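Accompanying notes for the structure given below.
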Amino acid sequence: MKVELRINGASRIADVEPRKTLLDALRENFLLNGAHAGCEHGVCGACTVLLDGEPVRSCLMFAAQADGYEITTIEGLAPAPGELSVIQDAFCETHGLQCGYCTPGMILSAHALLQQTHTPSREDIVEAISGNICRCTGYGQIVEAVQFAANRLQKSNMPHPHPHHVRHGHPGEHDAPVEGILEAAEADAPTESAK
Amino acid sequence: MKPAPFEYIRPHSLAEACELLANDEDARAIAGGQTLVPMLAMRLARPAKLVDIMRLPELAGIRPEAGALVVGATTRQAVAEQDPLIRAQVPMLARVLPWVGHPPTRNRGTIGGSIANADPSAEIPLVAVTLGAEIMLATVDGPSSMPADDFFIGPMLTTMNPGECVSAVKFPVWAHKRIGVGFFEISARKSDFAFAAAVAQVALDDDGRCLEIVLGVGGVGDRALRLDVSSLVGTKLDASAVAEAVNAVSGDMEASTDLHASAAYRRRVAITLSKRAIEQARTDASARALKGAA
């Protein structure tokens, strides 16, 4: 069946079987391999993407169900090709990744949190990444990376979200501009047209 | 970890959805899919047809009714968690939602989906049974409903027939002013399946005397159980009275054994958590009143 999805700010069309998960469509049809296939049954969080700004497991929904949402993958976070978002940069600086398999999911979960608040408590961060498993068990540095990114965003010259309460998945400010993310996504895609 | 092929249909009305579900015994309804999709991926479920009810307008929304709050089946758990009406009128539901899965699964998972799934350790069915909620159903013959206690009959088993789907859950709203909730659960990790859980809601009068109390345990047997501790009405819920009342009904707790915990362990933990939940509910109710006075 034909599906039309909004991915990283662009409309993409693909012909998929109804049983094709959003994860497999992203990887195979749109060549966005940043969403990782880990357990493929909703346990590990490696496949996390944002749906209207909220983290969800892309292995737990079908591509056919994903129309009408703004889908953001890890490829959509950087402001421009060759650059990193504040959170991505913070993960590098604090050694918040080892093998890197869980990293896209961790960063997207952290991104959703930091759209709600730039002053998260440790508990907020732990809760936000509680659905993402890191088998290198580098959680200490991951929490540190999110805290570090939050500090940087606090000091940045941009409007801050209202930190009344942490709320997952409320579209707020991005730490990267929306315009331009398409280029970053396309830089990873060898072919322009989807299957 | 790839589902077997199926046909995907997105009906435009609830009536059409019921029709589709009734006419094909291999059709299954899908909403948030947070339990169904893993079942499909592991091929523990192989429906020929998936009927997507997630976007049906009839199943959405949260609306107050006389003495009750009706929560639409497709209300996502993350939305319910933050909803001001639910927080104010059904505090027990708001209290347990952070323990339902993780933020990404709560962003897709629905209130009605958890009810229809009927996992014995799930928190939302526990709240429905404990508060005496009414499960609203859509059928080919029109709407019907039944008490939560009759709806759940075993692990992942409900009295729903093919062609029916949960349309909403009607939670009773207590009219009392001083209401408090207590909730505890034991699991291997937070948000994993509970080995045992207990939830209580109490209403106190101005002197701190109990006007109304409900208690429920989940994860212990093959479905959530409501325990009758109405003998505590009129008392000040002191520790000895609570212990006596909980011990008196503990014989009613059917417990099951699995890899994680024995029946004896589950019963023992459930009794302890029940006492703590009542204690926490009492403290919560007292604190709310003080806050209101100040």
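Quantities reported herein were computed from a predicted structural model and do not represent experimental measurements. All chains are named by letter (A, B, ...) in the order of the sequence lines, taking the proteins before the strands, and each is independently numbered beginning at 1.
B/Pro103 approaches A/Ser130 most closely through the heavy-atom pair CD-OG, 3.5 Å.
The backbone N or O of A/Gln65 lies less than 3.5 Å from a partner atom in the side chain of B/Arg55, making a donor-acceptor pair. Side chain of A/Arg19 to backbone of B/Ala4: no donor-acceptor contact under 3.5 angstrom is found. Checking side-chain atoms of B/Asn107 against main-chain N and O of A/Pro55 turns up a donor-acceptor pair under 3.5 Å.
Of residues 111-128 of chain B, no residue lies under 4.5 Å from chain A by any heavy-atom pair. At a heavy-atom separation below 4.5 angstrom, chain B is approached by no residue within residues 135-147 of chain A. For residues 46-53 of chain B, the interface with chain A (any heavy-atom pair closer than 4.5 Å) comprises B/Leu50, B/Asp52, sorted by residue number. Along residues 36-47 of chain A, the residues that come nearer than 4.5 angstrom to chain B, judged on non-hydrogen atoms, are A/Cys39, A/Glu40, A/His41 in order of number.
Expressed to the nearest 0.5 Å, how far CG of A/Asp67 lies from CZ of B/Arg10 amounts to 4.0 Å.
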Between B/Lys2 and A/Glu17, is the salt bridge (charged side-chain N to carboxylate O under 4.0 Å, His left out) condition met? List the steps. CA-CA 12 Å; B/Lys2 308 289 179 198; A/Glu17 269 190 271; over 6 Å; no
Check the pair B/Leu40 / A/Phe62 against side chain to side chain contact (heavy atoms under 4.5 Å, CB included), numbers first and verdict last. CA-CA 11 Å; B/Leu40 297 172; A/Phe62 298 106; 3.7 Å; yes
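A/Leu51 touches chain B through its side chain: at least one heavy atom from C-beta onward sits under 4.5 Å away, while N, CA, C and O do not. Contacts between B/Ile30 and chain A at a heavy-atom distance below 4.5 Å involve the side chain alone, from C-beta outward. With a threshold of 4.5 angstrom between heavy atoms, B/Arg189 does not approach chain A through any atom at all. Only the side chain of B/Thr105 comes within less than 4.5 Å of a heavy atom in chain A; its backbone stays farther off.
Remark: A/Arg122 CZ is loosely packed, at most 12 non-hydrogen atoms of other residues, nucleotides or ligands lying under 6.0 Å away. By the 6.0 Å contact criterion, CD on A/Gln154 is enclosed, its count of non-hydrogen atoms from other residues, nucleotides or ligands being greater than 12. Heavy atoms from other residues, nucleotides or ligands lying under 6.0 Å from OH of B/Tyr8 number more than 12.
With respect to the salt-bridge test (charged N to carboxylate O, under 4.0 angstrom), the residues A/Glu54 and B/Arg76 qualify.
Most heavy-atom pairs under 4.5 Å with chain B: of the set A/Asp24, A/Leu60, A/Val56, this distinction falls to A/Leu60. Between chain A and the residues B/Pro38, B/Pro98, B/Gly33, the largest count of heavy-atom pairs under 4.5 Å involves B/Pro38.
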